[in-house]
Trainee: 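After the structure tokens below, expect a handful of questions from me.
Indexing begins at 1, ligand by ligand and atom by atom, following the structure's order.
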Amino acid sequence: MQPLEHVCRLRASLSNDPHRPQYHFSAPANWLNDPNGLIQWRGQYHLFYQHNPDAPVWGNIHWGHAASDDLIHWSDLPIALSPSEDGPDRNGCWSGCAVDNDGVPTLVYTGVFPEVQCIATSSDGLLTWKKHPTNPVIASSPEHIDVVGFRDPYVWRKDGCWYMALGTGIKDVGGAVFLYKSKDLIRWDYVNPILVGDKNSTGEMWECPSVFPLGNKYVLLVSIFPRAGTYYFIGSYDGNRFTPELQGPLDLGTYFFAPQTLLDDQGRRTMLGWIWEGRNDEAQRAAGWAGIQSVPRQLTLLPDGTLGIEPVVELQMLRGTAYHLSDIELSPTSLTVLRDVQTNCLEIIAEVDPGDAEKCGIKVCCSPDGEEQTLIAYDHKANRLVIDSSQSSLREDVYRAVQGGTLALANSETLKLHIFLDRSVIEVFANGRACLTSRIYPSRVDSLGVELFAHGGSAKLQAISIWKMQSIWK
Ligand code: DQQ
């Protein structure tokens, strides 16, 4: 196990990397993927995460660990789970969850290979973990079903009984979530599939499932393997099977994956997800780190029965210097450069009336001559919210593209953007009901400008507020 001072030194050694996010959770160094075991324990938030402590690429998966009093500032803690040489997790401790078993913190996770389910408990306040001697507690998938994958337990308790949703796929049919039941977290019985998808529309295997009540409905989240985005279903759940009434992508881009949610002490359904890199292994190795967690997002059920998604209010505590502007006409011939803002670590709230513009929005990380720039745009004609990173970097080895998805505005509804730019990550929330995540790696040190634009007609910026954001690390 790496001593904590070493972990702190590792984190400090990367602090000058111009692409390293300042207010998004990252591992001290090396590789991070899925959030795991998100739990609030005695008031404190605990975040575990898939972690390769030895290299900035996926492999040799451990559970990293951090804690926070406010969901924003995190302290690194010692690695929670490591593969045991002779154990069922000898090739990795894959994703899972944390539950409170009458005062005993318990991790439920997948050991590999083969994919089996294991548990571990802590008796010192979540710092060290003891694997259960009877691991694996689920040694194989149901015999009569030909499965693709069998992993990522999500466990909850109802009426004195434990339930587990497991990510899987039924061969030649589609992604599926299996339901198991137990009295003691150790002996588990298979019940039935909670939901089975269609491989042609939602992929052949589902990872990292979760099922929870939201408002007067239930929500089922799955991540489509291999790395094809995260999906939500809203519908009803009768304790055995889920009946979807509505479904869609949880994020309009491809970077957000394997989210976990937590019903916190305030009764909020808070979600974190893994945001992966848009650069290759070689670039990751050169950087010494890879993968971050999203800002905490809050899920709600909107009055019309659709999914609401917004950043948590606690992020406001990171706000520094502020700029406010209002009533600016945006047209194809006028360029509005916000000269006072020169940073790539900021939060923006803007309200725009798209008028008759075909496209309008905000450019960030602009070099003074426009050679590098990233567009956050609303395409009014196509009803699409997009991030255009095709000119975000002069570097050839980073992924650049136009990514986005549907955001339909009602008649006379204005576009309300809430943007978090943190060096190489952009998260855009729109109108409380859409979210789009992307990664950029500008190469120029002066790619720090912010501009407003409209193409193919005029738009009106009603108001914009911009805050410089502070780091979450001491
Ligand atoms: N990541 C884990 C798996 C999970 C996948 C392995 C999703 O448990 O299915 O690192 O990103």
Trainee: Can Arg433 and Asp304 be counted as an ion pair, charged N to O under 4.0 angstrom?
Mentor: no

Trainee: Just which atoms of ligand 1 are under 4.0 Å from any heavy atom in Trp274?
Mentor: 11 (O)

Trainee: Give me the residue, atom name and distance of the protein heavy atom closest to atom 10 (O) of ligand 1.
Mentor: Gln50 OE1, 2.7 Å

Trainee: Check the side chains of Asp152 and Tyr109 for a donor-acceptor pair under 3.5 angstrom, ignoring hydrogens and angles.
Mentor: no

Trainee: Looking only at protein heavy atoms, identify the closest one to atom 3 (C) of ligand 1 and say how far it is in Å.
Mentor: Asp152 OD1, 3.5 Å

Trainee: When you measure from atom 5 (C) of ligand 1 to every protein heavy atom, which one gives the shortest distance, and what is it?
Mentor: Asp34 OD2, 3.3 Å

Trainee: Do any pairs count as a side chain to side chain donor-acceptor pair (under 3.5 Å) and have a residue in residues 179-190, sequence neighbours left out, and if so which ones?
Mentor: Ser182-Asp184, Asp184-Arg187

Trainee: Does the ring centre of Trp206 sit less than 6.0 Å away from the ring centre of Phe178?
Mentor: no

Trainee: Going by atom types alone, do Thr261 and Arg269 pair a side-chain donor with an acceptor below 3.5 Å?
Mentor: yes

Trainee: Does a donor on one side chain sit under 3.5 Å from an acceptor on the other, for Asn36 and Gln50?
Mentor: yes

Trainee: Among the heavy atoms of Trp58, does any lie under 4.0 Å from an atom of ligand 1?
Mentor: yes

Trainee: Could you say whether the N/O atoms of Glu207 and ligand 1 ever approach to under 3.5 Å?
Mentor: yes

Trainee: Taking a cutoff of less than 4.0 Å between a non-hydrogen atom of the residue and any ligand atom, is Thr110 in contact with ligand 1?
Mentor: no

